[in-house]
Amino acid sequence: AKEQRIHYEPSQADANIEDDSQMVSGEGVVPENQLAFSVQEPGSYQSHDGRQINPKPKAVSTGFFSRARRFDYYIMPRVSLALPSQIEKNINHPKPHYKRYQIGSSATLSGGIRLDRWRLGIAGVHQRHELHQTSWAKESPNGPRFDRTGKTRSFAFMIEASHLIPLYSALFINLDLGVGYRWAKSSYEYSNAVSPTETSSIAEDYWLWSVGAGIGWSFSEQVSLLLAYRYFGEETLPTHNADLGLVFDF
């Protein structure tokens with residue numbers, strides 16, 4: 001008998017399966033100008049075999065020391081209460097006097113460079129003090145006593161350095177020191193019950209140094225709050241300063 005050959009045509013569904021299998025078998029071949037992956041969302045992508053690929057996330061900066069700092073700049077304004085650390089009392093002087101100052105005010109603006117945890121910069125400091133009401137002066141040891149009133153204003157130019165020590169999260173310790181030169185001008189009035197009021201003024205300049213420590217909180221990558229103590233050492237009017245400052249890094 002004559003052999004018969006029967007040819008079957010695949011159904012449309014089988015044809016689709018066959019086509020799909022062909023596509024899977026050739027999935028390693030990427031046509032020219034076609035991406036080897038498809039982007040799903042920012043920070044991740046999906047390959048052609050359906051795998052979700054998430055690159056290792058970068059470290060998120062949350063605190064002042066969350067990343068290594070490059071060579072940066074800073075500006076730091078401060079306001080302070082300045083408590084004089086000494087009372088000038090000289091009874092045996094050719095012109096005996098007792099000079100005591102009230103708590104004064106101070107303003108500082110500094111800026112410079114920052115390298116990792118070090119800051120190096122320059123600062124301008126302005127301070128203002130008034131004499132306490134108990135101050136007095138005499139023209140001679142046996143002369144009449146005059147009530148002494150007046151005020152002293154000064155401006156200083158300093159070179160400063162500070163080092164930052166991390167504590168916890170965004171908290172840090174700030175240690176600083178500085179040296180500079182100060183110019184001061186004082187004006188006084190002398191009065192008593194029998195003599196007319198007299199006035200005088202004195203201009204002085206001298207070297208100044210400072211040392212201090214404080215605690216800071218970095219509430220953003222660029223801005224930090226600083227609470228600090230500084231001692232200003234000088235010949236005429238040394239002070240203990242309580243500082244409140246802001247640090248801007250950029």
Side-chain angles (χ1 to χ4, degrees), residues 75-93 95-111 119 121-138 145-162 172-192 197-217 224-248:
I75 294 177
M76 179 167 51
R78 301 192 196 189
V79 293
S80 313
L81 291 178
L83 174 65
S85 64
Q86 70 180 24
I87 298 174
E88 187 177 339
K89 185 176 182 180
N90 198 330
I91 306 300
N92 300 318
H93 195 270
K95 293 184 176 181
H97 59 273
Y98 175 85
K99 186 167 62 174
R100 176 185 175 189
Y101 282 96
Q102 302 181 41
I103 296 177
S105 60
S106 176
T108 304
L109 180 61
S110 59
R119 290 195 184 101
I122 58 176
V125 184
H126 178 264
Q127 287 200 158
R128 182 180 184 277
H129 292 272
E130 292 188 3
L131 283 176
H132 194 271
Q133 61 184 1
T134 57
S135 299
W136 54 267
K138 291 183 177 182
R145 177 171 141 173
F146 293 85
D147 294 327
R148 190 179 192 181
T149 59
K151 54 190 174 184
T152 297
R153 290 189 176 94
S154 64
F155 178 80
F157 177 81
M158 302 184 68
I159 299 173
E160 61 179 13
S162 60
F172 62 92
I173 291 177
N174 182 80
L175 305 175
D176 63 69
L177 54 87
V179 62
Y181 207 73
R182 190 170 194 167
W183 297 265
K185 184 176 181 179
S186 303
S187 58
Y188 303 110
E189 291 185 354
Y190 305 89
S191 61
N192 61 18
T197 301
E198 298 182 7
T199 61
S200 66
S201 61
I202 299 175
E204 300 173 296
D205 56 275
Y206 34 80
W207 288 99
L208 171 73
W209 59 271
S210 71
V211 61
I215 186 168
W217 175 51
S224 302
L225 179 68
L226 179 66
L227 296 174
Y229 161 81
R230 284 188 297 171
Y231 178 77
F232 284 96
E234 57 166 90
E235 182 179 352
T236 304
L237 187 56
T239 59
H240 302 281
N241 285 37
D243 292 352
L244 174 63
L246 285 174
V247 187
F248 300 94

How far does OG of Ser224 sit from CG of Leu226, to the nearest 0.5 angstrom? 8.5 Å
Which atom names give the shortest non-hydrogen contact between Tyr190 and Phe146, and what distance separates them? CB-CB, 3.9 Å
Rounded distance (nearest 0.5 Å) linking atom OG of Ser191 with atom CZ of Arg148: 12.0 Å
Listed partners of Glu130 passing salt bridge (charged side-chain N to carboxylate O under 4.0 Å, His left out), at least two apart: Arg128
Less than 4.5 Å apart, any side-chain heavy atom of Asp176 and any of Glu160? no
How many angstroms lie between CG in Leu83 and NE2 in His240, if you round to the nearest 0.5 Å? 6.0 Å
Pairing residues for His126 by the side-chain hydrogen bond (donor to acceptor under 3.5 Å, both in side chains) criterion, not counting sequence neighbours: none
For Ser154, what residues pass the side chain to side chain contact (heavy atoms under 4.5 Å, CB included) criterion, not counting sequence neighbours? Gln127, Arg182, Ala184
Under the side-chain hydrogen bond (donor to acceptor under 3.5 Å, both in side chains) rule, collect the residues that match up with His132, sequence neighbours excluded. Thr134
Contact check, side chains of Leu244 and Leu225, non-hydrogen atoms, under 4.5 Å: yes
Side chains of residues 95-103: which donor-acceptor partners sit under 3.5 Å, not counting sequence neighbours?
from, atom 1, to, atom 2, distance (Å)
His97, ND1, Lys95, O, 3.0
His97, NE2, Glu88, OE2, 2.8
Lys99, NZ, Glu88, OE1, 3.3
Tyr101, OH, Thr152, OG1, 2.7
Tyr101, OH, Tyr188, OH, 3.3
Gln102, NE2, Leu131, O, 3.1

By side chain to side chain contact (heavy atoms under 4.5 Å, CB included), which residues pair with Gln133, not counting sequence neighbours? none
Do Arg145 and Lys138 make a side-chain contact, defined as non-hydrogen atoms from C-beta onward lying under 4.5 Å apart? yes
Interatomic distance, Ile173 atom CD1 to Ile215 atom CD1 [nearest 0.5 angstrom]: 6.5 Å
Who pairs with Asn192 by side-chain hydrogen bond (donor to acceptor under 3.5 Å, both in side chains), at least two apart in sequence or on another chain? Ser195
Would you please name every residue forming a side-chain hydrogen bond (donor to acceptor under 3.5 Å, both in side chains) with Ser85, sequence neighbours left out? none
With a 4.5 Å heavy-atom cut-off, do Arg119 and Asn174 have their side chains touching? yes
Just wondering, more than 12 heavy atoms not from Leu177 lying within 6.0 Å of its CG? yes
Looking at residues at least two apart in the chain, or sitting in another chain, which of them share a side chain to side chain contact (heavy atoms under 4.5 Å, CB included) with Ser80? Ser106, Arg230, Asn241, Asp243
List the atom pairs, donor and acceptor, that lie under 3.5 Å between side-chain atoms in residues 203-212 and the rest of the protein, sequence neighbours left out.
from, atom 1, to, atom 2, distance (Å)
Asp205, OD2, Tyr181, OH, 2.5
Tyr206, OH, Glu234, OE2, 3.0

If you look at every heavy atom in Pro238 and Tyr231, which pair is closest and at what distance? CB-OH, 3.4 Å
Are the side chains of Pro84 and Leu237 in touch, meaning some heavy atoms are under 4.5 Å apart? yes
